[in-house]
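Here, residue 1 is the first one in the sequence, and each next residue gets the next number. Note that the structure is predicted; figures quoted are calculated from it, not measured. What's counted below: heavy atoms across the whole structure, side chains too, no hydrogens, waters or symmetry copies.
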Amino acid sequence: MVQKLLDGFQAGKVFILPTDTVYALVASLNEPRAINEIYRIKGLKEGVPLSLLCRDVGMASYYAQSIPNAAFRFIKSHTPGPYTFILRANRHVDRRGVGKKKEVGVRFVDHPLHRALMAELEIPLASTSIAIPDDFATDAEGLDRIYGSRVAAVVDGGVRTHEYSTVIDCTESDIRLVRRGIGDASDLENLIVEDSGDE
């Protein structure tokens with residue numbers, strides 16, 4: 001399966017894959033047409049950022065201006081896991097169709113399939129979460145009914161409840177908790193500024 005997915009990514013195909021949170025639409029970062037198709041499938045407006053699925057902090061650093069020391073230590077000790085880190089994007093993101101160019105969201109997914117893919121890839125995958133609206137959980141069969149004709153394949157990863165990643169904004173000196181998800185951020189509690197939602 002891994003080789004079929006790798007070949008599909010190289011051919012510019014879009015897949016729905018399981019992650020350590022929910023299912024996600026996924027394509028190669030090197031395939032702008034596939035990335036545009038993710039936007040069309042999800043109904044996202046231009047500029048809405050996608051996440052980069054990375055192997056490790058070294059891969060992520062290629063697309064980020066800098067990573068604050070506290071965030072770097074947290075990433076090293078808590079990933080892979082259900083976190084999304086918002087970092088300042090550098091020029092390597094500029095020509096990628098993944099949304100806002102000043103920021104980039106990075107994930108290090110804790111899932112066997114993701115680890116197997118990342119072992120073979122030299123660049124991140126572009127992704128966005130996908131779930132069935134109004135349902136508590138999502139499975140591959142339901143996603144295939146809705147999206148099967150628009151993606152190369154839906155990979156069955158079992159039932160995924162709608163529990164999302166913890167989102168941590170690391171673009172400023174103050175680390176900001178944007179969304180509380182299933183990832184435990186208590187180790188950063190002395191550094192994190194809770195997002196009030198007023199912005």
Side-chain angles (χ1 to χ4, degrees), residues 9 17 19-22 24-32 34-35 38-39 42 44-111 114-115 117-119 121-130 163-199:
F9 288 135
L17 305 181
T19 73
D20 51 359
T21 53
V22 296
L25 286 159
V26 182
S28 171
L29 186 61
N30 265 356
E31 296 295 331
I35 291 172
I38 287 179
Y39 275 86
K42 185 80 178 282
L44 295 174
K45 294 181 179 179
E46 184 179 352
V48 174
L50 304 181
S51 293
L52 302 187
L53 306 185
C54 295
R55 177 175 57 247
D56 52 30
V57 69
M59 179 182 280
S61 296
Y62 184 76
Y63 300 91
Q65 288 185 23
S66 63
I67 302 175
N69 288 336
F72 181 86
R73 290 192 295 270
F74 185 87
I75 291 170
K76 292 288 285 184
S77 62
H78 287 73
T79 63
Y83 304 88
T84 300
F85 300 93
I86 302 174
L87 306 172
R88 285 189 177 275
N90 64 23
R91 62 185 177 84
H92 297 297
V93 182
D94 288 347
R95 290 179 294 278
R96 317 285 181 158
V98 292
K100 292 180 180 179
K101 302 301 187 293
K102 294 182 179 180
E103 300 173 355
V104 59
V106 173
R107 291 267 280 122
F108 308 94
V109 175
D110 188 12
H111 190 280
H114 175 82
R115 290 194 291 271
L117 290 170
M118 283 295 116
L121 291 170
E122 296 302 321
I123 63 168
L125 296 169
S127 78
T128 183
S129 61
I130 190 165
E163 297 179 308
Y164 294 91
S165 63
T166 293
V167 180
I168 301 173
D169 186 340
C170 305
T171 59
E172 305 291 344
S173 56
D174 287 333
I175 299 173
R176 185 174 298 276
L177 181 63
V178 177
R179 180 179 71 194
R180 288 190 180 275
I182 61 174
D184 181 12
S186 59
D187 286 3
L188 288 174
E189 62 185 5
N190 294 327
L191 300 171
I192 280 180
V193 176
E194 188 88 31
D195 194 330
S196 66
D198 295 335
E199 298 177 356

Check: Mind checking what makes salt bridge (charged side-chain N to carboxylate O under 4.0 Å, His left out) contact with D110, not counting sequence neighbours?
Finding: R115
Item checked: Contacts of type ring pair (Phe, Tyr, Trp, His ring centres under 6.0 Å), residue F108, not counting sequence neighbours -> none
Note to self: Holding to ring pair (Phe, Tyr, Trp, His ring centres under 6.0 Å), I want the full list of residues that pass it with Y164, two or more places apart in sequence or in another chain.
What the structure shows: none
Would you check if [X] and [Y] make a side-chain contact, meaning some heavy-atom pair closer than 4.5 Å?
X    : Y    : value
D56  : I75  : no
D20  : R107 : yes
T128 : Y39  : no
T171 : Q65  : no
C170 : L87  : yes
K42  : S129 : yes

Next item on the list: Test L52 against L125 for side chain to side chain contact (heavy atoms under 4.5 Å, CB included), laying out the working first.
Entry: CA-CA 6 Å; L52 302 187; L125 296 169; over 6 Å; no
Say you draw a straight line from [atom1] of [X] to [atom2] of [Y]; how long is it, rounded to the nearest 0.5 Å?
X    : Y    : atom1 : atom2 : result
R55  : T79  : CZ    : OG1   : 12.5 Å
F85  : I67  : CZ    : CD1   : 9.0 Å
N30  : I123 : CG    : CD1   : 3.5 Å
N90  : Y62  : CG    : OH    : 8.0 Å
M59  : L53  : CE    : CG    : 10.0 Å
I175 : N69  : CD1   : CG    : 9.5 Å

With [X] via side chain to side chain donor-acceptor pair (under 3.5 Å) - residues at least two apart:
X    : answer
T166 : none
S165 : T84, R179
D184 : S186
S28  : none

Item checked: Residues Y63, L29; criterion side chain to side chain contact (heavy atoms under 4.5 Å, CB included); working and verdict -> CA-CA 12 Å; Y63 300 91; L29 186 61; 3.8 Å; yes
Results of side-chain contact (heavy atoms from CB on, under 4.5 Å) for [X] - residues two or more places apart only:
X    : answer
K45  : V48
I182 : T21, P82, E163
S66  : none
E172 : R88

Next item on the list: Search all heavy atoms of H114 against all heavy atoms of V109 and return the closest pair with its distance.
Entry: CD2-O, 3.2 Å
